[in-house]
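Quick notes on the structure that follows.
Hydrogens, waters and symmetry mates play no part in the numbers below; they use all other heavy atoms, side chains included. Counting starts at 1 for both ligands and their atoms, following the listed order.
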Amino acid sequence: MSDFLYEMVIVGAGPAGISLAAEAVHAGVDKSRIIIYEKAETHSWSIRKFYPENKLVTANYKGSNAECKGISCLLDSTKAETLSYLDKMIIDNQLTVKYNQQVLEIKKLKNNYFRVKTGVEEVYTKTIAIAIGVLGKPNKPDYPIPTEVRAKTHFDVTSAEFKNSEVLVVGGGDSASEYCQFLMQEGNRVHLSYRQNEFKKMNDINLQSLLAMEERKQVSIHRSTNVEGLSLDGEKVLVKFKEGSSVLVDRIIYALGGTSPTNFLESLNIKMTKEGPSVSDFFESSEEGIFLVGDISAGKKGGSINVAFNSSHEAMKQFCKSYLHCKNASYN
Ligand SMILES: Cc1cc2nc3c(=O)[nH]c(=O)nc-3n(C[C@H](O)[C@H](O)[C@H](O)COP(=O)(O)OP(=O)(O)OC[C@H]3O[C@@H](n4cnc5c(N)ncnc54)[C@H](O)[C@@H]3O)c2cc1C
């Protein structure tokens, strides 16, 4: 069994999971006893999938505090630089990441160890960190999407080729603005439908970029509109708004945010509040030995990469104080 016995199992290889494993190595935990499971074929799946290629990755995303507490820190970067930074963290710290392995079940045993099952293997561990983010399941609209238009509706900009078409983005946050900028750069005619009149959820850069696009007539913003329903009109999708107007487009992208993968946490008996899962100041959940780092515990205000890095640092100190033998005294 000792071959399958770990000090720490981390679920999810995004910024939170990778930085936590790096913190653990830095704290002096034996790196061969730390394992990260990632359900995708590569790390940082959410960044690869949801960020437009030419996005500026900002250190103080959504006004979050960019001050770094631990060993990892992101400066304003390109998407490629951000991914390289995370690649380097995995290589430099010789982290073991098992790809294409979704964690399906975690069970606490009588001896306080956890048994973790993926679709492929079963291991045992003293502690667990859940770092699965909130983007795995994007929010869906509350009206039905007719079967015949499903192939023309999307929840990100990478699941289809968007070039020289007419595209409607639905949403009003940073992702909505970034999708508009990306679509415009790819030569599409862009529409944006937002249910409010003012964009209060966007950071300044995204708001200014969107308004500049509107001024240059590169985006038609349909303010205070609520989609009533979609139907196929020839090759196009007819989008009717409750307010009476409509728009005819080739494709629709929903940017309605993500939700916490509640079912996964509930299966672990983790207490939930209106704000999301309940965690201590050191990111330990209501279940002793299970920590929630990164977006999953960032609450309604949402997370960022540096916020995820900082949560890993704080959590690591608590892992060392309460559960693990950490050779680096600064963590104890
Ligand atoms: C469009 C967009 C733009 C953004 N721009 C910025 C920005 O400019 N600057 C910034 O700081 N932040 C930005 N963010 C936010 C930032 O991406 C997140 O805060 C950050 O990625 C959170 O990291 P995480 O590790 O908690 O989660 P994620 O990055 O979501 O990583 C979670 C990982 O867990 C894996 N996973 C999920 N379930 C399982 C499972 N059961 N088993 C195994 N693996 C699993 C996923 O495949 C994924 O790789 C942006 C987000 C979006 C959507």
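- Side chain of N310 to backbone of C68: no donor-acceptor contact under 3.5 angstrom is found.
- None of N206, I305, L74, D76 except one satisfies the side chain to side chain contact (heavy atoms under 4.5 Å, CB included) rule with T58; the exception is D76.
- In terms of N/O distances under 3.5 Å, ligand 1 is not approached by H43.
- If you look at W45 next to ligand 1, the close heavy atoms, those under 4.0 Å, come from the backbone and the side chain alike.
- A side chain to side chain contact (heavy atoms under 4.5 Å, CB included) with F114 is found for one member of E287, K107, K108, K126 and no other, namely K108.
- The closest non-hydrogen atom to atom 9 (N) of ligand 1, taken over T58, I130, N100, D174, comes from T58.
- Ring-centre distance between F4 and Y124: not below the 6.0 Å cut-off.
- Ionic pairing of K317 and E314 is present here: one or more N-O contacts between side-chain nitrogen and carboxylate oxygen are shorter than 4.0 angstrom.
- Ligand 1 has an N or O atom lying under 3.5 Å from an N or O atom of D295, backbone or side chain.
- A distance-only check finds no donor-acceptor pair linking the side chain of K217 to the backbone of E214 [under 3.5 Å].
- Distances between N or O atoms of S46 and those of ligand 1 include at least one value under 3.5 Å.
- For atom 17 (O) of ligand 1, the choice among Y51, F50, F182 with the nearest heavy atom turns out to be Y51.
- Heavy-atom proximity to atom 31 (O) of ligand 1, evaluated over G14, A13, A40, S297, is greatest for G14.
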Would you list the atom pairs, donor with acceptor, under 3.5 Å between side chains in residues 237-249 and any protein atom, with sequence neighbours excluded?
unit_1	atom_1	unit_2	atom_2	d
E243	OE1	N226	N	2.9
E243	OE2	N226	ND2	3.0

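- Backbone and side-chain nitrogen or oxygen atoms of I305 are examined, and one is located within less than 3.5 angstrom of a nitrogen or oxygen of ligand 1.
- Looking at Y179 next to ligand 1, no N or O pair under 3.5 Å apart turns up.
- In P15, the parts holding a heavy atom less than 4.0 Å from any atom of ligand 1 are both the side chain and the backbone.
- Checked by atom type and distance alone, the side chain of N65 pairs as donor or acceptor with a backbone atom of E67 at under 3.5 Å.
- Ring to ring, F291 and F319 are close: their centroids are under 6.0 angstrom apart.
- Near A131, the atoms of ligand 1 lying under 4.0 angstrom from a non-hydrogen atom of the residue are 32 (C), 33 (C), 34 (O).
- Heavy-atom contacts of V11 reach the following atoms of ligand 1: 40 (C), 42 (N), 43 (C) (cutoff under 4.0 Å).
- For the ligand labelled ligand 1, residue Q101 lies inside the 4.0 Å heavy-atom shell.
- Within the 4.0 Å heavy-atom cutoff, K55 counts among the residues contacting ligand 1.
- Here is the list of ligand 1 atoms found below 4.0 Å of a heavy atom in G12: 34 (O), 35 (C), 44 (N).
- Under the 30°/60° scheme for interplanar angles, the aromatic rings of W45 and F50 are found to stand perpendicular.
- Only the backbone of L56 comes within 4.0 Å of ligand 1, counting heavy atoms alone; no side-chain atom from C-beta on gets that close.
- When only interatomic distances are considered, the shortest N/O to N/O separation between V103 and ligand 1 falls below 3.5 Å.
- The aromatic rings of H26 and Y331 sit perpendicular to each other, their planes meeting at more than 60°, with 30° as the lower class boundary.
- Residue contacts with ligand 1: T82 is excluded, as none of its non-hydrogen atoms falls under 4.0 Å.
- Taking every heavy atom of G294 and a limit of under 4.0 angstrom, the matching atoms of ligand 1 come to 26 (O).
- Between K152 and D250, none of the side-chain N atoms (NZ, or NE/NH1/NH2) sits under 4.0 Å from a carboxylate O, so this pair counts as no salt bridge.
- Set against the non-hydrogen atoms of G303, the atoms of ligand 1 under 4.0 Å away are 19 (O).
- Using a 4.0 Å cut-off between charged side-chain N and carboxylate O, K79 and E53 make a salt bridge.
- Looking at ligand 1, you'll find an N or O of A16 within less than 3.5 Å of one of its N or O atoms.
- Listed by number with element, the atoms of ligand 1 under 4.0 Å from a non-hydrogen atom of V57 are 7 (C), 8 (O), 9 (N).
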